[in-house]
Structures are given as structure tokens and as C-alpha cells.
Amino acid sequence: MGRSLTSERRERLALMLVASTSVTFTIAAVSDALAVRRARRRVSGPPEPSEQPARRPVDRRTPVAC
């Protein structure tokens with residue numbers, strides 16, 4: 001029971017192949033763009049802290065003796 005590919009089936013197969021290929025390339029391009037954006041954010045990173053020693057908060061509470 002061999003079935004030959006009719007022209008209609010060939011057209012559907014070609015259309016599905018083109019559609020799946022374009023979806024795959026689109027997803028790959030979007031994921032690459034997001035990966036590059038994430039990598040660039042990591043490189044820039046948060047600003048470096050200044051080299052001055054960290055200040056301790058001043059205790060402004062009133063001492064209470066019992």
C-alpha cells in the first residue's frame with residue numbers, strides 16, 4: 001500500500017517545513033538577543049563602592065539606666 005506524494009501533500013509539507021523553520025529561527029534570535037542583553041548587564045554591573053571606610057550609624061537614643 002505505497003502512497004505517492006500528491007502535489008497537495010507536497011505543498012502542505014513544504015509549507016509546514018518553512019513555517020517550522022521560521023519559528024525556530026525566530027525563537028533562536030530572540031533568545032540570543034536576551035542572552036546578550038543579560039550578559040551586557042552583568043558586565044556593567046552595579047557601581048563599585050567608594051574606598052572610604054563604611055560609616056557606622058550614630059546611636060541617637062537616650063541611654064536609660066535602671
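Just so it is clear, the model here is predicted, and its values are computed rather than measured.
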Enquirer: Mind checking what makes side chain to side chain contact (heavy atoms under 4.5 Å, CB included) contact with S22, not counting sequence neighbours?
Expert: none

Enquirer: Could you tell me the separation between the CG atom of L15 and the CZ atom of R10, rounded to the nearest 0.5 Å?
Expert: 15.5 Å

Enquirer: If the test is side chain to side chain contact (heavy atoms under 4.5 Å, CB included), which one of D32, I27, L34 qualifies with V30?
Expert: L34

Enquirer: Only counting residues at least two apart or in another chain, list the ones meeting side chain to side chain contact (heavy atoms under 4.5 Å, CB included) with S7.
Expert: none

